[in-house]
Peer 1: 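Just dropping this structure here.
Ligands are counted one by one from 1 in listed order, and the atoms in each one are counted from 1 as well. This one's a predicted model, so the numbers in the text were calculated from it and none came from an experiment.
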Amino acid sequence: MNIIETNLKFKNSMTNRSTTKRIILHHAEASKCTAEDIHRWHLNNGWAGAGYHFLVRKDGSVYRLRPENKVGAHAQGANSNSIGICFEGAYMTETMPQAQIDAGKELVAYLKEKYDISKVQAHRDVCSTSCPGKNFPFEEIAGTKASNIPVNTTPKPAPAQTPKLSGNDWVRRLQKECNAQGFSRQVVDSIPGKNTLAGCPTCRRGARGNITRLIQERLNGLGYNCGKVDSIFGSRTENAVKTLQKVHGLTIDGIVGQKTWRILLGM
Ligand SMILES: [Zn+2]
């Protein structure tokens, strides 16, 4: 990680940060700015100096601003346990250059490892602000983008019994959908009972629609990773059903029939 050291002169009013739990991302809201610019702006606010700890410029260079071990001044109410990173640019309207995205990703990954933390937030997550802008590629830089998650994740070991679902919104939506599609005429009460089970249609590969979507949601919720919830019963959904069936000692056919529904319904 190449961090360019700066010679910014801070006032002596900064305190040491006792704990580092998260990283908070900002944009400068300025299309072009240097480390010195930010330092000057923040001195003019009456602060000790630049409030962020790092600046990532559009060309991918990374500058140190406030000393890393000092409490920053970048996100009111969240400064005491965070590191602030500012990205040159105005990302309500601009598009971030790839070099800056790459440098931001590297810096965030470096800090996560250094402090053994995983929490990354946008300024707007902690304060009433639009910072760092709607075009800011937050997930990519924070390292939470879905494409970074390996596809072949092993399903979490399933509990021997699925949790009881009374009062659950998923059950309510399933009941409503089974009624709407004419599979049942049951009371929509969020409680999985024998009418709910009887009203669940057999679903298999090739099915699509809201009931498939509910099956996918439930499989993912139980740790049987069926990938994207897209309402299409494809091979990943089928494999997730097979895993569930295997764990629960059912016939492994990938078809959601009454016995499989019983498990999904936690009955
Ligand atoms: Zn901000």
Peer 1: Salt bridge check: are E5 and R64 linked by an N-O gap of less than 4.0 Å?
Peer 2: yes
Peer 1: Whether the side chain of T243 engages the backbone of N239 through a donor-acceptor N/O pair (distance < 3.5 Å, no angle test) should be reported.
Peer 2: yes
Peer 1: What about H26 and H74, are their ring centers closer than 6.0 Å?
Peer 2: yes
Peer 1: Restricting to side-chain contact (heavy atoms from CB on, under 4.5 Å), what partner residues turn up for R172, sequence neighbours left out?
Peer 2: D169, K176, V188, S190
Peer 1: For a distance under 2.8 Å, give residue and atom name for each protein N, O or S atom next to the Zn ion (ligand 1).
Peer 2: H26 ND1, H123 ND1, C131 SG
Peer 1: Report yes if the side chains of T202 and Q258 come closer than 4.5 Å at any heavy-atom pair, otherwise no.
Peer 2: no
Peer 1: Less than 4.0 angstrom from a charged side-chain N to a carboxylate O is my criterion; do R17 and E68 meet it?
Peer 2: no
